[in-house]
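Model, not experiment: these values are computed from the prediction.
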Amino acid sequence: MNYNENYFIIRTYTKAELAHLYNPNVCLKVALQILRRWIVCNLPLLNELEQEGYRARNRLLSPKQVATIVHYLGEP
């Protein structure tokens, strides 16, 4: 394994940080809108996140919430 390669680490992220990792080629506002749309349109993901304490206005995502998002959306 090459340790110089970038790899995704499950940790606490701001929603903006995670959105930008998933959509690095758009501005931050648009990246947040895209991530929000992905979450809202994926009902199993949204339901699981809500069980973990997720609310749309949260700015921080816990490691468990990040792991759930990665489970449904794949790594950024």
Side-chain angles (χ1 to χ4, degrees):
M1 175 184 239
N2 185 354
Y3 290 100
N4 292 330
E5 293 180 26
N6 291 334
Y7 58 94
F8 185 74
I9 298 172
I10 301 292
R11 62 172 177 82
T12 300
Y13 285 90
T14 65
K15 199 180 291 183
E17 223 179 343
L18 189 62
H20 187 67
L21 287 173
Y22 274 106
N23 302 287
N25 297 322
V26 298
C27 72
L28 193 55
K29 182 178 180 180
V30 173
L32 280 163
Q33 290 171 346
I34 292 169
L35 180 62
R36 181 190 168 283
R37 193 175 320 126
W38 288 347
I39 291 171
V40 170
C41 290
N42 188 329
L43 291 180
L45 169 58
L46 180 59
N47 290 335
E48 195 168 331
L49 285 173
E50 286 175 343
Q51 289 176 1
E52 296 167 358
Y54 173 83
R55 299 294 173 260
R57 298 212 183 267
N58 290 5
R59 292 189 179 180
L60 289 177
L61 297 167
S62 71
K64 186 169 185 168
Q65 291 168 341
V66 171
T68 300
I69 291 170
V70 169
H71 171 76
Y72 283 92
L73 302 180
E75 287 188 8

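Both W38 and L61 are members of a single hydrophobic cluster when ILVMFWY side chains are connected at heavy-atom separations under 4.5 Å. Hydrophobic clustering (side-chain heavy atoms under 4.5 Å, transitive across Ile, Leu, Val, Met, Phe, Trp, Tyr) keeps I10 apart from L60. There is a path of hydrophobic side-chain contacts, each under 4.5 Å, that joins L18 to L46. Both V70 and L21 sit in one connected hydrophobic cluster of ILVMFWY residues. Membership requires side-chain heavy atoms under 4.5 Å apart, directly or through other members. Hydrophobic clustering (side-chain heavy atoms under 4.5 Å, transitive across Ile, Leu, Val, Met, Phe, Trp, Tyr) keeps L73 apart from V40.
The minimum heavy-atom distance linking A31 with A19 is given by the pair O-CB, 3.5 Å. Closest non-hydrogen pair, E75 versus Y22, comes out as C-CE2, 4.1 Å. A pairwise comparison of heavy atoms in L35 and N23 identifies N-ND2, 4.5 Å as the closest pair. Nearest heavy atoms, I34 versus V26: CD1-CG2, 4.4 Å. Contact record, G53 with Q65: C-NE2, 3.5 Å, taken as the closest heavy-atom pair.
Atom CG of L32 is separated from atom CZ of R37 by 11.5 Å, given to the nearest 0.5 angstrom. Here the NZ-SG distance, from K29 to C27, works out to 7.5 Å after rounding to the nearest 0.5 Å. Residue N25 holds its CG atom at 8.5 Å from NE2 of H20, rounded to the nearest 0.5 Å. Rounding to the nearest 0.5 Å places CZ of R55 at 10.5 Å from CG of L49.
The 12-atom threshold is exceeded at CZ of R11, counting heavy atoms of other residues, nucleotides or ligands nearer than 6.0 Å.
Taking the six-membered ring where tryptophan is involved, the planes of Y13 and F8 are essentially parallel, since the angle between them stays under 30° and well short of 60°.
The closest donor-acceptor contact from the side chain of K15 to the backbone of N58 lies under 3.5 Å.
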How far apart are the C-alpha atoms of E52 and T68, what are their side-chain angles, what is the distance that settles it, and do they pass the side chain to side chain donor-acceptor pair (under 3.5 Å) test?
-> CA-CA 9 Å; E52 296 167 358; T68 300; 2.8 Å; yes
